[in-house]
Amino acid sequence: MAEGLYERIYAAVKRIPEGRVATYGQIAAMIGIPRGARQVGYAMAALGRGRPRPDIPWHRVVNAKGESSIGGEQISRLQAEGVVFGTNGRIDLKLFGWDGIEEAE
DNA sequence: ATCCTGACTGTTC
DNA sequence: AGAACAGCCAGGA
């Protein structure tokens, strides 16, 4: 181990099934860091900085309100996966929110 | 090596 | 309902 904390975050993000979205706080909680939502956001930001972008579906990570914190490409990608945005630009976490459990195929 | 910035959340008033 | 406070890690200059 001795992996960076970000590595764990990226791993959790990769677990998000297609067509579903997870919140920053949810990712943080599932890897064991309460109140670590910010760290998750930082990790995502680090992806677009200088870090290479592996196959991390960062676009599937949204804020607690169910909307994209950055918008732009993120929203386009989510819609391409079938995620529907409300009139206010928010997603129904009850419908697209990921429970942290991958659906069996 | 140090300082600054960056894609958040829940609680309380 | 809107605003403020506190907690957290890594990378770039």
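Both backbone and side-chain heavy atoms feed into the values below; hydrogens, waters and symmetry mates do not.
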Mapping Asn63(A) and Tyr6(A) onto DNA chain B by nearest heavy atom, which one lands closer to the 5' end?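 Upstream on the strand: Tyr6(A).
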Interatomic distance where [atom1] belongs to [X] and [atom2] belongs to [N] [whole Å]:
X: Tyr24(A); N: dC9(C); atom1: OH; atom2: P; result: 18 Å
X: Leu47(A); N: dA7(B); atom1: CG; atom2: P; result: 12 Å
X: Arg90(A); N: dC8(B); atom1: CZ; atom2: P; result: 16 Å
X: Met44(A); N: dT9(B); atom1: CE; atom2: P; result: 13 Å
X: Ile33(A); N: dC9(C); atom1: CD1; atom2: P; result: 8 Å
X: Glu67(A); N: dC8(B); atom1: CD; atom2: P; result: 10 Å
X: Lys65(A); N: dA3(C); atom1: NZ; atom2: P; result: 11 Å
X: Gln74(A); N: dG6(B); atom1: CD; atom2: P; result: 18 Å

Counting heavy atoms from C-beta on, name the nucleotide in dT9(B), dC9(C), dA7(B) closest to the side chain of Trp58(A).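 In terms of side-chain proximity for Trp58(A), the closest of dT9(B), dC9(C), dA7(B) is dA7(B).
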Nucleotide of dA10(C), dA7(B), dT9(B) approaching Ala64(A) most closely (side-chain heavy atoms):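 Output: dT9(B).
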Is there a side-chain contact between Val62(A) and Phe96(A) in this structure, where contact means two heavy atoms from C-beta onward sitting under 4.5 Å apart?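 Answer no - side chains too far apart.
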With the side chain counted from C-beta on, respond yes when Tyr10(A) and Arg15(A) share a heavy-atom pair under 4.5 Å apart, and no when they do not.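 No; the side chains remain at least 4.5 Å from each other.
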Looking only at non-hydrogen atoms, find the nearest pair between Tyr24(A) and Ser69(A) and report the distance.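 That closest heavy-atom pairing would be CE1-OG, 3.7 Å.
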Ile9(A) and its side chain to side chain contact (heavy atoms under 4.5 Å, CB included) partner, picked from Met44(A), Lys14(A), Met30(A):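 Among the candidates, only Met44(A) passes.
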Give me the one residue out of Gln74(A), Glu81(A), Glu73(A) that meets side-chain hydrogen bond (donor to acceptor under 3.5 Å, both in side chains) with His59(A).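 Of Gln74(A), Glu81(A), Glu73(A), side-chain hydrogen bond (donor to acceptor under 3.5 Å, both in side chains) with His59(A) is met by Glu81(A) alone.
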Expressed in whole Å, how much space separates the C1' atoms belonging to dG7(C) and dG6(B)?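 Here dG7(C) and dG6(B) have their C1' atoms 15 Å from each other.
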Please classify the nucleic acid contact of [X] as base, sugar-phosphate, or nothing, using heavy-atom distances under 4.0 Å.
X: Gly36(A); answer: nothing
X: Arg35(A); answer: base
X: Ile70(A); answer: base

Does Tyr42(A) contact dC9(C) through a side-chain donor or acceptor facing the base, at a distance under 3.5 Å?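 A donor-acceptor contact between them is absent.
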Got a donor-acceptor pair under 3.5 Å from the side chain of Arg38(A) to the base of dG7(C)?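 Side chain to base: pair present.
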